[in-house]
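For reference, the structure discussed in these notes is given below.
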Amino acid sequence: MGGALGKDESPKKSWTPETKLEAKMVEAMQRRECHGCSVKSFNTIILKFPKIDESFRKCRAIFEQFDEDSNGAIDQEELKKCFSKLEISFSEEEINDLFEACDINDDLGMKFNEFIVLLCLVYLLKDDPAALHAKSRIGMPNLEATFETLVDTFVFLDKNKDGYVSKSEMVQAINETTSGERSSGRIAMKRFEEMDWDKNGMVNFKEFLFAFTRWVGIDEFEDEENAEA
């Protein structure tokens with residue numbers, strides 16, 4: 001069932017079917033999946049949560065660099081100006097698609113957790129030699145290991161390598177980690193439901209990233225950080 005839904009039906013039910021971003025994400029992920037992954041179980045990812053959380057927190061300096069008016073959110077014009085200033089070669093349509101995809105609250109501004117997702121999408125979409133200069137200009141070299149871990153995790157979950165994660169693939173991944181535990185099926189379904197925001201039965205990389213930021217506690221951290229500032 002999961003395989004049948006993979007390439008034909010799920011893109012039609014994507015978050016932003018009117019844009020090309022989802023197709024580009026899937027294509028980029030499928031290219032990456034050809035190289036395999038180093039993740040052996042979901043537990044190995046859970047053990048990395050503290051280090052990933054610490055790396056995410058270091059993104060705040062980059063966030064503040066983009067947030068020119070320091071209002072705690074990045075608007076569309078700020079994003080366009082910074083992409084231009086940092087020589088990140090996205091077209092205006094691509095920038096608009098990225099902004100709309102990451103501004104999940106439709107409040108015309110990306111919060112910190114939404115910005116982390118955008119950075120990781122940029123990393124995936126621009127993962128080619130010509131983009132190394134651009135990635136270094138926005139501080140990405142220090143974050144590459146973290147972003148690669150997230151890509152690697154998605155590759156591990158996506159057993160049939162179609163660029164999406166289905167319920168059955170999530171169950172299989174959790175079962176590989178918690179074999180023999182009766183609760184593994186419930187754990188898998190809970191994790192999947194946390195990822196599948198549009199409830200279409202398939203999870204793309206963007207949905208996975210938003211769930212992952214919550215798993216490591218970024219939503220809560222954002223509020224605490226703003227309160228302390």
Side-chain angles (χ1 to χ4, degrees), residues 21 24-63 88 98 101-102 104 110 112-129 131-132 134-166 169-178 187-188 190-192 194-197 202-222:
L21 179 62
K24 290 179 179 177
M25 278 194 299
V26 171
E27 289 169 8
M29 185 59 70
Q30 288 176 321
R31 285 196 300 272
R32 172 61 182 78
E33 287 173 335
C34 292
H35 303 294
C37 74
S38 61
V39 176
K40 303 303 179 187
S41 75
F42 202 75
N43 273 351
T44 63
I45 300 303
I46 293 173
L47 292 173
K48 292 180 180 180
F49 277 8
K51 183 173 286 189
I52 292 170
D53 181 31
E54 180 182 353
S55 179
F56 281 166
R57 294 176 187 222
K58 291 178 181 176
C59 288
R60 186 162 290 278
I62 305 173
F63 178 79
I88 301 175
L98 276 167
C102 295
I104 55 172
M110 284 187 298
F112 182 48
N113 66 313
E114 295 169 330
F115 182 65
I116 289 173
V117 171
L118 180 136
L119 282 183
C120 197
L121 291 180
V122 169
Y123 172 78
L124 175 69
L125 295 172
K126 302 298 289 183
D127 193 18
D128 62 73
L132 289 177
K135 283 198 281 191
S136 67
R137 288 289 295 274
I138 61 173
M140 278 194 173
N142 295 331
L143 299 169
E144 281 185 16
T146 297
F147 290 148
E148 187 57 33
T149 296
L150 300 185
V151 172
D152 218 27
T153 302
F154 192 90
V155 173
F156 167 71
L157 296 175
D158 184 14
K159 303 300 183 183
N160 69 357
K161 296 180 171 49
D162 66 350
Y164 294 86
V165 174
S166 67
E169 287 173 325
M170 191 67 190
V171 169
Q172 183 180 346
I174 297 292
N175 282 340
E176 289 173 6
T177 296
T178 58
I187 294 171
K190 185 173 186 298
R191 292 295 192 194
F192 186 83
E194 290 167 352
M195 292 191 295
D196 187 20
W197 281 26
M202 302 294 286
V203 171
N204 63 32
F205 188 53
K206 185 196 76 178
E207 290 177 304
F208 164 79
L209 290 174
F210 274 112
F212 208 103
T213 60
R214 293 197 308 278
W215 292 345
V216 299
I218 288 300
D219 275 355
E220 293 84 352
F221 170 77
E222 177 195 5

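No experiment lies behind these values; they were computed from the predicted model shown.
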Steps toward ring-ring contact (aromatic ring centres under 6.0 Å, His included) verdict (Phe56, Phe115): CA-CA 10 Å; Phe56 281 166; Phe115 182 65; over 10 Å; no

Salt bridge (charged side-chain N to carboxylate O under 4.0 Å, His left out) evaluation trace for Glu194 with Arg191: CA-CA 5 Å; Glu194 290 167 352; Arg191 292 295 192 194; 3.6 Å; yes

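Between Arg32 and Glu148, at least one side-chain nitrogen of the basic residue sits less than 4.0 Å from a carboxylate oxygen of the acidic one, meeting the salt-bridge criterion.
The side-chain hydrogen bond (donor to acceptor under 3.5 Å, both in side chains) test applied to Lys24 returns Glu94, not counting sequence neighbours.
Taking CG from Asp53 and NZ from Lys48, the interatomic distance works out to 15.5 Å, rounded to the nearest 0.5 Å. Interatomic distance, CD1 of Ile116 versus CZ of Arg57, reported as 10.0 Å (0.5 Å rounding). Note that CZ of Phe63 and CG of Leu118 are 11.0 Å apart. Values are rounded to the nearest 0.5 Å. Note: Leu124 CG to Leu119 CG = 13.0 Å, rounded to the nearest 0.5 Å. Atom-to-atom distance recorded for Cys37:SG and Phe154:CZ is 12.0 Å, nearest 0.5 angstrom. Here the OG1 atom belonging to Thr213 is positioned 9.5 Å from the CG atom belonging to Leu150, to the nearest 0.5 angstrom.
Side-chain atoms of Leu98 and Leu21, non-hydrogen and from C-beta on, do get closer than 4.5 Å to each other. For the pair Tyr123/Val151, a side-chain contact is recorded, criterion being any heavy-atom separation below 4.5 Å from C-beta on. Within the 4.5 Å cutoff, no side-chain heavy atoms of Phe42 are placed close to those of Ile187.
Both the sub-6.0 Å distance and the 45° axial angle are satisfied by Lys159 relative to the ring of Phe156.
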